[in-house]
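To start, the structure under review is shown below, and the notes come after it.
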Amino acid sequence: MISLNLHFKHLSIESQHAMANAASNPFQGRGMAPEIKNSEEDVKKITGHKYAKMVNSGNSAIMVAINSIKGSLLLPDQGGWNGVKKIADILNTPTHYIPTEKGVIYPDLLEEYLTKVSFKPSALFITSFAGYTAEQPVKDLYDICHNHNILLVEDASGSVGDSEKKICNGTHAHVILASTGSPKIVNVGNGGFISTNKKEILDKSAFLLKMLRADAVTCAGISEELKHAPRNLIKTINACNYLKNKIPSIIHKEKRGINVILPSSDPKTHSRILREKIKVDGRSIITTCPLYDRVMENAICIEIKNLDTSSLTQENLSQIKEDVTTALF
Ligand SMILES: Cc1ncc(COP(=O)(O)O)c(C=O)c1O
């Protein structure tokens with residue numbers, strides 16, 4: 001048996017240097033620090049949107065979006081981010097849950113739902129990967145939303161830098177937002193962003209954007225981490241792909257994702273056993289389901305996205321596969 005050598009995702013050395021440099025050269029002029037302006041330009045390049053704003057967390061970006069979108073929101077019945085509902089409640093914004101296939105909204109499901117319901121939602125909020133495990137058909141959902149005059153808001157916390165340009169792509173999302181906290185694809189430990197072509201969305205929340213703005217040090221880190229995002233994302237997707245092909249009965253086996261979820265007859269016990277076996281710097285990469293943010297059924301989630309990409313070696317992945325299959329089958 002090979003012993004696992006796993007490390008939790010950490011800030012790259014280049015980002016540490018960029019952030020240290022920003023901290024030791026504080027901007028003292030008028031207006032916005034150059035690090036903030038530069039990171040906005042970098043976000044615009046990656047999403048393809050005309051406008052971008054930096055905020056202090058992913059939830060802040062969600063609050064900005066919900067505050068500007070008057071009317072009710074559609075959320076997936078599982079596999080989304082639970083913060084959206086909490087923030088909608090704070091802002092007295094009505095929410096409705098749309099049925100999904102274990103988190104995935106198939107276009108015909110959305111079309112059917114929209115023709116059946118008696119209300120007209122203003123926006124559909126999705127994460128690029130349902131439960132971080134299954135790519136949503138974002139372009140097809142966008143086309144339907146567009147035809148029904150509904151905004152598609154894509155939370156790309158798990159998908160920044162997609163080289164296939166299927167997700168986190170501003171040509172088929174009215175709004176893209178993301179957390180750059182930890183452990184995320186843009187892994188700064190703090191911050192977030194929102195981008196759009198619809199200037200009015202940012203204008204309506206101008207005060208919130210000022211109040212919740214990211215600091216220059218965080219933005220220096222975001223600019224640096226954005227450079228690494230495409231490579232980190234592809235490595236994480238490939239690692240999940242390997243496990244999805246090797247471990248039996250994985251949920252959404254055929255879809256791209258950054259974690260791996262499999263049904264469990266006893267999630268509590270299986271999580272405990274796996275946490276004992278898969279040690280990661282005193283942190284955990286095992287999530288127990290049912291959980292709204294993953295899947296609403298008895299299951300175990302292996303959060304490959306939490307691992308530093310240097311840990312995604314053939315040896316480690318093969319041993320994770322052994323540990324999981326021994327524990328669950
Ligand atoms: C998909 C998703 N969106 C938003 C957030 C919130 O981000 P933050 O912690 O930066 O507010 C999280 C946090 O884990 C998340 O997983």
Side-chain angles (χ1 to χ4, degrees), residues 8-9 11 15 39 43 47 53-67 73 75-91 95 100 103-105 123-136 138 152-162 167-168 173 175-195 205 208-209 211-215 217-219 221-222 225-226 229 232-233 236-237 240 256-259 261 283-289 291-295 301-307:
F8 207 82
K9 207 164 229 167
L11 189 65
S15 301
S39 61
V43 167
T47 66
K53 289 284 171 197
M54 312 310 290
V55 286
N56 58 13
S57 75
N59 284 327
S60 293
I62 293 168
M63 181 166 244
V64 166
I66 299 180
N67 180 60
L73 310 181
L75 314 177
D77 66 358
Q78 55 186 299
W81 165 241
N82 71 68
V84 178
K85 165 82 176 131
K86 290 182 185 154
I87 296 163
D89 288 348
I90 293 171
L91 295 174
T95 50
T100 65
V104 176
I105 305 175
L124 170 66
F125 267 70
I126 55 169
T127 51
S128 319
F129 296 114
Y132 279 117
T133 208
E135 180 175 351
Q136 295 279 12
V138 179
L152 180 80
V153 181
E154 180 185 356
D155 180 333
S157 302
S159 70
V160 179
D162 178 27
I167 43 187
C168 193
V175 176
I176 291 178
L177 51 83
S179 164
T180 57
S182 177
K184 298 290 183 305
I185 292 298
V186 180
N187 190 55
V188 178
N190 203 334
F193 65 78
I194 176 166
S195 83
S205 290
L208 272 183
L209 280 167
M211 192 173 106
L212 304 171
R213 186 190 289 160
D215 59 82
V217 174
T218 300
C219 289
I222 292 176
E225 283 293 298
L226 280 172
N232 287 345
L233 180 64
T236 312
I237 291 174
C240 290
R256 292 198 300 165
I258 58 169
N259 72 16
I261 306 182
R283 311 275 297 268
S284 171
I285 62 159
I286 307 297
T287 304
T288 314
C289 305
L291 186 71
Y292 174 78
D293 299 349
R294 300 293 182 268
V295 288
C301 177
I302 305 137
E303 307 278 351
I304 299 300
K305 70 178 184 63
N306 296 6
L307 293 174

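Numbering of ligands and ligand atoms starts at 1, following listing order. Start at 1 with the first residue, then count along the sequence.
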_Test side chain to side chain contact (heavy atoms under 4.5 Å, CB included) on K53 and V64; report intermediate values, then the result._
CA-CA 10 Å; K53 289 284 171 197; V64 166; over 6 Å; no
_Run N259 and T287 through side chain to side chain contact (heavy atoms under 4.5 Å, CB included) and show every step you take._
CA-CA 10 Å; N259 72 16; T287 304; over 6 Å; no
*Begin from the C-alpha positions of T95 and F125 and carry the test side chain to side chain contact (heavy atoms under 4.5 Å, CB included) through to its verdict.*
CA-CA 10 Å; T95 50; F125 267 70; over 6 Å; no
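Considering only residues two or more places apart in sequence or on other chains, K184 meets the side-chain contact (heavy atoms from CB on, under 4.5 Å) condition with Y132, S157, S179. With sequence neighbours left out, E225 forms a side-chain contact (heavy atoms from CB on, under 4.5 Å) with L11, S12, S15, V186, N187, V188, H228. Under the rule for a side-chain contact (heavy atoms from CB on, under 4.5 Å), the partners of D293 that lie at least two apart in sequence or sit in another chain are W81, N82, L291.
Ligand 1 is surrounded by S57, G58, N59, W81, T127, Y132, D155, S157, S179, K184, each with at least one heavy atom closer than 4.0 Å.
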